[in-house]
Amino acid sequence: MELICPICKQPLQRREKAFVCPRNHSFDIARQGYVNLLTVQQKHSLTPGDTREQVLSRRAFLEAGYYAPIVETLLFTAKKYGVSGEILDVGCGEGYYGSRLSHGLGLPLTGLDISKEAVRCAAGKYKDAAWLCATAAHIPVASSSAGLITSLFALTMPEEFRRILRPDGLYFQVLAAEDHLLGLKSIIYPQLHHREKDTVPDIPGFARLESIPIRFDFTVEGQQVQNLFSMTPHVFRIGKEGAQRLRETNVLTDTASAMLNVFKPLG
Ligand SMILES: C[S@@+](CC[C@H](N)C(=O)[O-])C[C@H]1O[C@@H](n2cnc3c(N)ncnc32)[C@H](O)[C@@H]1O
Ligand SMILES: [Zn+2]
C-alpha cells in the first residue's frame, strides 16, 4: 500500500532504513520491520494505545484459538462479497486477525495501530505484512488504496476510511455487543449496569449492507482467565474486590458476542 507523509501528505519512498518524502521528512524503519509514522503532535500521551501487558495478553489469548469463530466469519463474509485488492486493518493490535484474513484471502495486508508495542509485536511475528505505528485519525496511506478496511473491536474514522477505500471497496466493522463477556463482567463488577449499545450504527458517507451477529461460548482456565481480562478495557476499571474475585477464578465459561457490520462507501 502506498504510504504518505504524515506531515505534508506527499508520497513516501522507501530507502534502506527509512521512508522519506520529497520534503525530506524521514521515518525510521524499526529493527522488527514496522515504521513509526506517528508525529509528536499526534501523540496525546507518551505511550498511546494498548500497553505491552495488554498486547502480550491478547497475543496469548488469541493464539490459543478461542476467537477463531470471529476469523471464520470474517473470511466467509469477505469471500462472499468477493473482496479484492489490499487490506488495511485499523487498530490491528498484535496482528492476529489481519494476518489470518490476509493469508485466507491471498491479499496483501497493512496493519495500523497507535500502540508501538502492538505493531512491534505484530511485525515480529508476521513478516509478510506492512505494519505502521500511526493514528486512525490521520492514516498515512494514499487515497483509494484499500479494497477492504477492517476495524475489529477498534475505532471508526468515517472520513479517513472513505478517502482510503476504493469506490468498490468494503469496510468491515466488528463491535462488541452488550452481552459480550458477561461472565467476566459479573465476576469483576458487584452490579452490572445496563448500558444500551448500538451495534448497528450509521456511518456518514457509508451504506450498511449487512449486519452479522457472532455469538459463541468458550471456556478459559488458569492464566488464560487473566489474559482475557487484561486484553479488555475492564483492566482500567476493576476495583479491589473484583480483582480479588478474578484472582480466585480458575475456570470461566463465557460468551463472546459481537456484530460484524459490512459497509460500502457512498458514491
Ligand atoms: C480493543 S484493541 C483491538 C485490537 C485488535 N483489533 C484485536 O481485536 O485483537 C483496540 C486497539 O486500537 C488501538 N488504538 C486505540 N486508539 C487508536 C488510534 N487513535 N489509532 C489507531 N489505533 C488505536 C489500540 O492500541 C488497540 O490495539
Ligand atoms: Zn513530508
Side-chain angles (χ1 to χ4, degrees), residues 3-13 15 18-27 34-39 41-45 47-71 73-74 87-102 109-123 125-126 129 131-142 149-157 160-161 164 172-176 180-181 214 227-236 256 258-260:
L3 302 184
I4 58 170
C5 174
I7 299 166
C8 70
K9 314 287 179 205
Q10 307 256 0
L12 285 172
Q13 275 211 331
R15 303 265 169 82
F19 279 89
V20 184
C21 82
R23 292 175 62 183
N24 260 338
H25 300 125
S26 178
F27 304 90
Y34 69 90
V35 49
N36 189 353
L37 293 163
L38 198 61
T39 65
Q41 289 78 9
Q42 291 169 351
K43 278 191 181 185
H44 298 297
S45 79
T47 52
D50 278 12
T51 61
R52 182 165 174 76
E53 196 204 353
Q54 283 180 289
V55 169
L56 295 179
S57 300
R58 180 169 291 122
R59 156 101 8 125
F61 177 85
L62 292 175
E63 282 287 312
Y66 299 107
Y67 278 7
I70 300 178
V71 176
T73 307
L74 288 167
I87 306 170
L88 176 71
D89 187 19
V90 177
C92 62
E94 53 68 60
Y96 173 82
Y97 295 104
S99 61
R100 278 156 186 79
L101 263 179
S102 166
L109 168 74
T110 298
L112 171 152
D113 202 288
I114 203 166
S115 158
K116 200 193 254 189
E117 295 294 348
V119 284
R120 180 182 287 155
C121 192
K125 186 171 172 82
Y126 304 111
W131 301 103
L132 315 177
C133 181
T135 169
H138 304 282
I139 301 179
V141 307
I149 295 181
T150 52
S151 172
L152 315 171
F153 305 103
L155 69 186
T156 293
M157 291 291 169
E160 275 295 75
F161 287 12
I164 287 156
F172 282 11
Q173 175 194 51
V174 171
L175 296 176
H180 183 52
L181 303 181
I214 308 172
N227 289 339
L228 173 63
F229 166 68
S230 301
M231 64 183 244
T232 68
H234 307 298
V235 75
F236 302 111
M259 188 68 85
L260 165 58

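Ligands are counted one by one from 1 in listed order, and the atoms in each one are counted from 1 as well.
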Novice: Among all the protein's non-hydrogen atoms, which is closest to atom 24 (C) of ligand 1, and how far away is it?
Specialist: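 Its nearest protein heavy-atom neighbour is Asp113 OD1, 3.4 Å.
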Novice: So, do Tyr67 and Phe61 have ring centers that fall under 6.0 Å from each other?
Specialist: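 When the ring centroids of Tyr67 and Phe61 are compared, they turn out to be within the sub-6.0 Å range.
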Novice: Just to be sure I read this right, does ligand 1 sit under 4.0 Å from the backbone of Val90, its side chain, both, or neither, counting only heavy atoms?
Specialist: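 Near ligand 1, Val90 shows nothing, with every heavy atom at 4.0 Å or more.
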Novice: Quick test: of every protein heavy atom, which one is nearest to atom 19 (N) of ligand 1, and how far off is it to 0.1 Å?
Specialist: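 That would be Thr135 OG1, 3.5 Å.
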Novice: Using the test side chain to side chain donor-acceptor pair (under 3.5 Å), find all partners of Asn227 that sit at least two apart in sequence or belong to another chain.
Specialist: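 Counting only residues at least two positions away or on another chain, Asn227 forms a side chain to side chain donor-acceptor pair (under 3.5 Å) with Gln223, Gln224.
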Novice: Just need the protein heavy atom nearest to atom 1 (C) of ligand 1, so name the residue and atom and give the distance.
Specialist: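 Scanning the protein heavy atoms, the shortest distance from atom 1 (C) of ligand 1 goes to Phe153 O, 3.1 Å.
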Novice: Does Tyr97 reach ligand 1, in the sense of a heavy atom lying below 4.0 Å from it?
Specialist: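 Judged by the 4.0 Å heavy-atom criterion, Tyr97 does count as contacting ligand 1.
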Novice: What residue and atom, counting heavy atoms only, is the protein's closest point to atom 5 (C) of ligand 1, and at what distance?
Specialist: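 Of every protein heavy atom, Gly91 O, 3.3 Å lies nearest to atom 5 (C) of ligand 1.
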Novice: Between Pro48 and ligand 1, which part of the residue brings a heavy atom under 4.0 Å of the ligand: side chain, backbone, both or neither?
Specialist: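 Pro48 to ligand 1: no contact under 4.0 Å from either part.
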Novice: Give a yes/no on ligand 1: does Leu62 have at least one heavy atom closer than 4.0 angstrom to it?
Specialist: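 Right, Leu62 reaches ligand 1.
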Novice: What protein N/O/S atoms are there under 2.8 Å from the Zn ion (ligand 2), waters excluded?
Specialist: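 Checking every protein N, O and S atom gives Cys5 SG, Cys8 SG, Cys21 SG, His25 ND1.
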Novice: With a cutoff of 4.0 Å, is Cys92 in contact with ligand 1, counting heavy atoms of the residue only?
Specialist: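 Yes.
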Novice: To which protein heavy atom is atom 20 (N) of ligand 1 closest, and what is the distance rounded to 0.1 Å?
Specialist: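 It is Ala136 N, 2.9 Å.
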Novice: List the closest protein heavy-atom neighbour of atom 14 (N) of ligand 1: residue, atom name, distance to the nearest 0.1 Å.
Specialist: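 That would be Ile114 CG2, 3.7 Å.
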Novice: With respect to Ala118, determine whether any N or O atom, backbone or side chain, lies less than 3.5 Å from an N or O atom of ligand 1.
Specialist: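 No - when backbone and side-chain N and O of Ala118 are compared with those of ligand 1, no distance drops under 3.5 Å.
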Novice: Under 4.0 Å from ligand 1, counting heavy atoms only, is it the side chain of Ala134, its backbone, both or neither?
Specialist: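 Only the backbone of Ala134 comes within reach of ligand 1.
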Novice: Can you tell me which portion of Arg58 lies within the under-4.0 Å heavy-atom range of ligand 1? Options are side chain, backbone, both, or neither.
Specialist: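 Near ligand 1, Arg58 shows its side chain, while the N, CA, C and O stay back.
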